[in-house]
Protein chains: 4
Amino acid sequence: MKEKKSKRDLILETAYRLFMEKGFWDTKIIDISDAAGIGKGTVYEYFDSKDTIILELFKTKVADPYKDLSLLIDKEISCETKIKEYIEFEVFNTTKFGSNKNMLADILIKSDIFHNQVLVDEIHKLIAYKLKIMHSIIKEGIEKGEFLDVDPLLTATCIMGAVNSFISFNYNTIGPSCFINIEKSEVWDLGELYKILFSGLKK
Amino acid sequence: MKEKKSKRDLILETAYRLFMEKGFWDTKIIDISDAAGIGKGTVYEYFDSKDTIILELFKTKVADPYKDLSLLIDKEISCETKIKEYIEFEVFNTTKFGSNKNMLADILIKSDIFHNQVLVDEIHKLIAYKLKIMHSIIKEGIEKGEFLDVDPLLTATCIMGAVNSFISFNYNTIGPSCFINIEKSEVWDLGELYKILFSGLKK
Amino acid sequence: MKEKKSKRDLILETAYRLFMEKGFWDTKIIDISDAAGIGKGTVYEYFDSKDTIILELFKTKVADPYKDLSLLIDKEISCETKIKEYIEFEVFNTTKFGSNKNMLADILIKSDIFHNQVLVDEIHKLIAYKLKIMHSIIKEGIEKGEFLDVDPLLTATCIMGAVNSFISFNYNTIGPSCFINIEKSEVWDLGELYKILFSGLKK
Amino acid sequence: MKEKKSKRDLILETAYRLFMEKGFWDTKIIDISDAAGIGKGTVYEYFDSKDTIILELFKTKVADPYKDLSLLIDKEISCETKIKEYIEFEVFNTTKFGSNKNMLADILIKSDIFHNQVLVDEIHKLIAYKLKIMHSIIKEGIEKGEFLDVDPLLTATCIMGAVNSFISFNYNTIGPSCFINIEKSEVWDLGELYKILFSGLKK
DNA sequence: TATGAATGAGAGTTCATTCAT
DNA sequence: TATGAATGAACTCTCATTCAT
């Protein structure tokens with residue numbers, strides 16, 4: 001495993017680009033070496049396997065930038081500002097790769113899932129359908145004076161994200177592996193979720 | 001393509017079970033036929049391909065149940081209640097397959113992503129890390145009297161979900177394919193996001 | 001793993017033939033399937049791997065025939081006859097595959113050793129050289145009346161084989177794995193070897 | 001092809017050591033250069049190929065020491081002594097590389113044969129089985145007073161070696177390449193083999 | 001209708017060898 | 001003289017799909 005920067009980086013960048021474009025499974029080693037203008041064997045001079053490449057990309061492109069995020073906790077600013085800074089950081093971090101690029105999400109969502117565009121289209125159709133309903137409800141609520149004057153689509157998007165996340169963590173899809181060192185009451189109450197969505201965080 | 005209900009359903013149910021257990025890519029056609037107690041060729045009597053099976057499963061198990069969700073819009077109830085009903089439906093819908101089962105999420109998250117446990121562990125580690133920070137901030141905010149008395153972990157989870165969703169839709173990762181028939185102002189303002197998170201929806 | 005006799009046997013026989021002709025390492029799976037007139041994948045329908053094929057061949061062609069050899073021990077015949085029968089069995093067993101064929105020895109000695117005909121020639125040259133010397137000594141011994149009137153070349157061959165075997169077992173090349181349940185005095189004395197070679201077994 | 005002694009010898013000695021330890025096929029060129037502390041390319045400055053190395057090793061380590069063995073023929077000693085000296089030389093020669101080391105045999109028997117420990121175990125099992133039978137017969141013969149009082153295991157080992165050798169040469173496995181300049185009667189008689197085994201060489 | 005034997009394109013990976021420096 | 005980065009032919013094994021029965 002050589003460490004010479006340029007060639008290793010060339011492979012990494014090429015792999016990254018192809019993974020983003022075609023997905024991990026649709027990108028073959030030969031695709032990477034061809035696109036990089038090098039021999040297939042050269043890829044293996046720098047990486048043990050295809051798995052090592054995606055792992056390295058994840059670590060450097062995705063995970064590493066978060067390293068100092070925890071410094072945020074001890075900053076002398078209000079918690080509201082902390083959350084705002086967190087979000088700004090997250091937005092910067094996941095969009096810095098270029099317009100419309102969120103590496104992890106992209107690779108996951110791209111062709112990789114099922115090599116099946118028809119299915120991907122169906123999934124998007126469902127999301128669109130749900131979004132439209134939620135959007136319509138919020139719009140109505142605003143018009144009727146029931147809700148604050150927020151952007152209805154943005155809000156629909158956020159609520160859907162919050163709910164999906166709530167479900168995934170609450171009903172263990174993602175697994176308790178993500179709750180390291182944090183105590184979680186057995187099953188969360190929907191009432192708590194509503195509280196946040198309707199009243200927000202601030203006192 | 002035959003339509004005799006029983007055998008077709010047997011294949012579908014077996015495939016569904018195996019996809020949930022081992023993921024889509026790790027489930028081979030032979031696994032399905034073996035588990036169903038039928039011949040490998042028989043699978044192809046009822047389905048054109050493996051892709052057709054997952055597509056059918058998605059349609060019937062995931063998408064179809066949402067068919068009447070739009071009726072919610074015209075119900076004679078407050079918008080707050082509509083959203084609550086929406087959420088309750090979503091929770092029911094994604095957890096009805098058994099404890100801790102959310103079909104789509106499960107299949108995506110299972111072995112399928114990269115066949116690479118090391119990478120999956122890294123991803124979980126990052127999620128856990130971010131969650132811990134957010135959790136810590138919210139807890140502090142509550143203690144200091146800055147935030148309402150919410151469940152900090154649940155709230156952290158929801159905010160992360162909302163933010164991820166905001167980013168995905170705002171910066172086009174998922175693609176505009178999900179905004180069919182909805183007008184979206186070019187790029188959403190972070191201020192709008194903060195408004196919802198801190199003040200909530202309700203007036 | 002199907003068990004239908006004919007195709008499985010076809011693969012086995014074809015592999016056997018090619019292993020004998022070209023050696024194990026020089027025989028590729030595609031060679032076997034081509035020679036058998038079947039598809040490459042078919043080989044894997046019947047055998048898990050190339051290793052499984054050679055193992056199966058060893059078991060059925062080489063090891064199995066020895067199964068009843070131990071019955072010899074309890075036969076009501078003289079020990080001299082027992083040894084003669086043992087040898088006759090061994091000769092039959094290792095030559096039954098056709099003229100000039102001793103499966104295991106052939107595969108080992110063929111191209112497999114080093115893929116290197118020049119080296120194989122050198123090895124043969126050395127054997128020939130040693131054989132010639134031994135042959136010459138024995139011939140002289142017979143002519144001078146020192147030795148019995150035996151076939152000098154045959155005798156030279158046997159002595160070389162006995163000595164090689166003695167060395168291999170005595171100095172552990174083969175490893176003690178072959179002395180299961182038999183007690184071996186630490187290192188054998190050359191005197192014992194001479195006793196057998198010069199005086200023979202019989203009283 | 002340079003001839004500078006020291007580096008060439010370093011490569012040779014390193015290759016020799018690794019071939020003995022891991023076998024020819026398991027030893028890669030990079031292993032040799034690494035172990036020798038030189039560059040991979042340097043190996044090719046001194047040797048045309050991996051094959052050239054093993055050939056050179058065979059010649060210098062194995063074959064060359066036999067160069068003067070033929071002088072034995074003309075020594076003024078009895079033929080019995082000649083054979084004894086031959087054997088002593090052979091024992092010395094094949095064991096001089098260190099305890100339990102017989103270069104050629106070692107390399108052949110090591111990992112090289114089939115990279116398949118299961119098969120190697122099976123082969124050893126068969127050898128052990130045959131050895132046990134022969135051992136048992138000889139022991140019985142001695143106890144009954146039919147045979148001389150020899151070491152039964154050593155004798156079994158030698159007889160097996162002699163018989164294998166007899167078969168290999170008699171039925172052409174090794175090929176007539178080893179009978180250069182020696183006349184061989186078409187097929188040897190088993191009677192001749194028995195004569196030597198039971199009566200020995202000496203008059 | 002049901003089968004499962006047969007298929008072969010295609011993947012990741014290895015490593016002896018080359019050659020520009 | 002010495003290097004090691006670069007190479008690519010070659011290999012084993014996988015598995016969705018076909019099709020004769």
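Below, read A as the first sequence line, B as the second, and so on, with proteins coming before strands; counting in each chain starts at 1.
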Q.
Could you tell me how far apart F47(C) (CZ) and dA6(E) (C1') are, to the nearest whole angstrom?
A. 15 Å
Q) In whole Å, what is the span from the CD1 atom of I54(C) to the C1' atom of dT12(F)? A) 16 Å
**Q.** K7(B) NZ to L12(B) CG distance, which is reported to the nearest 0.5 Å
**A.** 14.5 Å
Q: Using both pair distances under 3.5 Å as the test, note the stems of at least 3 consecutive Watson-Crick or G-U pairs that include DNA chain F.
A: E:2-21 with F:2-21
Q: Rounded to the nearest angstrom, tell me the gap between atom CD1 in I29(A) and atom P in dA11(E).
A: 11 Å
Q) Nearest-Å distance, CG (D48(D)) to P (dT17(E))? A) 9 Å
Q. Among residues 34-42 of chain A, which residues get a heavy atom nearer than 4.0 Å to DNA chain F?
A. I38(A), G39(A), K40(A), G41(A), T42(A)
**Q.** d(CD1, I30(C); C1', dC13(F)) in whole Å
**A.** 12 Å
Q | Carboxylate-amine/guanidinium proximity below 4.0 Å for E56(A) and K59(A) | A | no
Q.
To the closest 0.5 Å, what do you measure between OH (Y16(C)) and OG1 (T60(C))?
A. 10.0 Å
Q. Base, sugar-phosphate, or nothing for S33(B), non-hydrogen atoms under 4.0 angstrom?
A. nothing
Q. Quick one: I53(C) CD1 to dT12(F) P, roughly how many Å, whole number?
A. 10 Å
(Q) So which atom in V43(A) and which in I11(A) form the shortest heavy-atom distance, rounded to 0.1 Å? (A) CA-CD1, 3.9 Å
Q.
So, taking the atom named CG in D31(B) and the one named NZ in K22(B), what distance separates them when rounded to the nearest 0.5 Å?
A. 3.5 Å
Q) In whole angstrom, what separates K7(B)'s NZ from dT1(E)'s P? A) 10 Å
Q | Whole-Å gap separating C1' (dA9(F)) and OH (Y44(A)) | A | 15 Å
(Q) What's the closest nucleotide to the side chain of Y46(D) if the choices are dA6(F), dA2(F), dA16(E)? (A) dA2(F)
(Q) Let me confirm one number: the CD1-CD1 distance from I53(C) to I29(C), rounded to the nearest 0.5 Å. (A) 4.5 Å
Q: Taking only Lys NZ, Arg NE, NH1 and NH2, and the carboxylate oxygens of Asp or Glu, determine whether E13(C) and R17(C) approach each other closer than 4.0 Å.
A: no
Q) Considering heavy-atom distances to DNA chain F, does S49(C) or V43(D) have its closest nucleotide positioned more toward the 5' end? A) V43(D)
Q) Got a second to check how far F24(B)'s CZ is from L18(B)'s CG, nearest 0.5 Å? A) 12.5 Å
Q. Which pairs pass side chain to side chain donor-acceptor pair (under 3.5 Å) with one or both residues in residues 34-43 of chain B, sequence neighbours excluded?
A. none
(Q) Quick check on dG10(E): is either OP1 or OP2 less than 4.0 Å from any side-chain nitrogen or oxygen of K28(A)? (A) no
